[in-house]
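Notes follow the structure.
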Amino acid sequence: MTKKILLVDDSPLIHNLLRKTLEKHGYEVAGDAMNGKVGVELYRELSPDLVFMDITMPVMDGIEAARAIKTESPEARIIMLSAMGDEEIVKQAKELGVDIFLQKPFDDYKIISAIAKVV
């Protein structure tokens with residue numbers, strides 16, 4: 001069964017790169033959100049198997065969005081993507097129950113390996 005994945009990032013370039021990688025490896029991109037608020041709304045609507053979530057975004061950042069999703073759905077699987085490696089942010093993400101924290105830039109191998117660990 002194809003796994004559905006929600007992409008939440010304010011960069012169209014990241015959406016395109018992730019979509020290309022995911023579809024090449026047989027995953028379905030269920031939805032795209034450009035900020036955390038829309039990401040939370042799409043999570044509720046689509047019930048994806050996994051969320052790729054950026055940290056720094058307008059309207060609602062990735063930490064707030066992950067908190068909202070995990071509060072409503074503790075079983076939600078989230079992989080955080082960020083250009084920042086700030087230890088405090090990584091700690092916050094782990095305390096929220098984020099499954100994996102990946103630093104940008106990333107490659108196909110890192111993305112597919114991370115998915116295999118959580119779904």
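No experiment lies behind these values; they were computed from the predicted model shown.
Side chains of Ile112 and Tyr27 form a contact here, defined as non-hydrogen atoms less than 4.5 Å apart. Ile115 is listed as a side-chain neighbour of Ile5, based on a closest heavy-atom distance under 4.5 Å. Two residues are said to be in side-chain contact when any heavy atoms from C-beta on lie closer than 4.5 Å; Asp108 and His25 meet this criterion. Annotation: side chain of Leu102 is in contact with side chain of Ile111 (closest heavy-atom distance under 4.5 Å).
The salt bridge (charged side-chain N to carboxylate O under 4.0 Å, His left out) pairs that include a residue from residues 109-119 number zero, where partners must be two or more places apart or lie in different chains. Listed by first and then second residue, the side-chain hydrogen bond (donor to acceptor under 3.5 Å, both in side chains) pairs involving residues 53-66 are Asp54-Lys104 (not counting sequence neighbours).
Other residues, nucleotides and ligands contribute more than 12 heavy atoms inside 6.0 Å of the CD atom of Glu95.
Taking hydrophobic clusters as Ile, Leu, Val, Met, Phe, Trp and Tyr residues chained together by side-chain heavy-atom distances below 4.5 Å, Leu46 does not share a cluster with Leu50. Taken together through direct or relayed side-chain contacts under 4.5 Å among Ile, Leu, Val, Met, Phe, Trp and Tyr, Met60 and Val51 form part of one hydrophobic cluster. In terms of hydrophobic clustering, with Ile, Leu, Val, Met, Phe, Trp and Tyr side chains grouped at heavy-atom distances under 4.5 Å, Met57 and Ile69 are assigned to a common cluster. No path of Ile, Leu, Val, Met, Phe, Trp and Tyr side chains, each step under 4.5 Å between heavy atoms, connects Ile100 with Leu96, placing them in separate hydrophobic clusters. Residues Leu42 and Met53 share a single hydrophobic cluster, defined by chaining ILVMFWY side chains whose heavy atoms lie under 4.5 Å apart.
Looking at residues two or more places apart in sequence or on another chain, you find a side chain to side chain contact (heavy atoms under 4.5 Å, CB included) between Ser11 and Asp9, Leu13, Ile14. For Asn16, the side chain to side chain donor-acceptor pair (under 3.5 Å) test picks out no residue, with sequence neighbours left out. Lys94 is linked by a side chain to side chain contact (heavy atoms under 4.5 Å, CB included) to Val90, counting only residues two or more places apart in sequence or in another chain.
Put simply, the side chain of Lys70 gets close to the backbone of Gly97: a donor and an acceptor are under 3.5 Å apart.
Between Phe106 atom CZ and Leu18 atom CG the span is 4.0 Å, to the nearest 0.5 Å.
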Stepwise, does the side-chain contact (heavy atoms from CB on, under 4.5 Å) test hold for Val8 with Tyr43?
CA-CA 10 Å; Val8 185; Tyr43 184 85; over 6 Å; no
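Nearest heavy-atom pair, Val98 versus Ala66, reported as atom, atom and distance to 0.1 Å: CG2-CB, 4.2 Å. Across all their heavy atoms, Thr2 and Gly26 have their closest contact at CG2-O, 3.4 Å. When all heavy atoms of Phe101 and Ile89 are compared, the pair lying nearest together is CE1-CG2, 4.2 Å. Across all non-hydrogen atoms, the minimal contact from Gly39 to Leu6 is O-CD2, 3.5 Å.
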Result block: side-chain N/O donor-acceptor pairs under 3.5 angstrom for residues 28-35, not counting sequence neighbours:
{"unit_1": "Asp32", "atom_1": "OD1", "unit_2": "His15", "atom_2": "ND1", "d": "2.8"}
{"unit_1": "Asp32", "atom_1": "OD2", "unit_2": "Arg19", "atom_2": "NH2", "d": "2.4"}
{"unit_1": "Asn35", "atom_1": "OD1", "unit_2": "Lys37", "atom_2": "N", "d": "2.9"}
{"unit_1": "Asn35", "atom_1": "OD1", "unit_2": "Val38", "atom_2": "N", "d": "2.9"}

May I have the list of side-chain donor-acceptor pairs in residues 72-84 shorter than 3.5 Å, sequence neighbours left out?
{"unit_1": "Glu72", "atom_1": "OE1", "unit_2": "Arg44", "atom_2": "NE", "d": "2.9"}
{"unit_1": "Glu72", "atom_1": "OE2", "unit_2": "Arg44", "atom_2": "NE", "d": "3.1"}
{"unit_1": "Glu72", "atom_1": "OE2", "unit_2": "Arg44", "atom_2": "NH2", "d": "2.5"}
{"unit_1": "Arg77", "atom_1": "NE", "unit_2": "Val118", "atom_2": "O", "d": "3.1"}
{"unit_1": "Arg77", "atom_1": "NH1", "unit_2": "Asp99", "atom_2": "OD1", "d": "2.7"}
{"unit_1": "Ser82", "atom_1": "OG", "unit_2": "Met84", "atom_2": "N", "d": "3.0"}

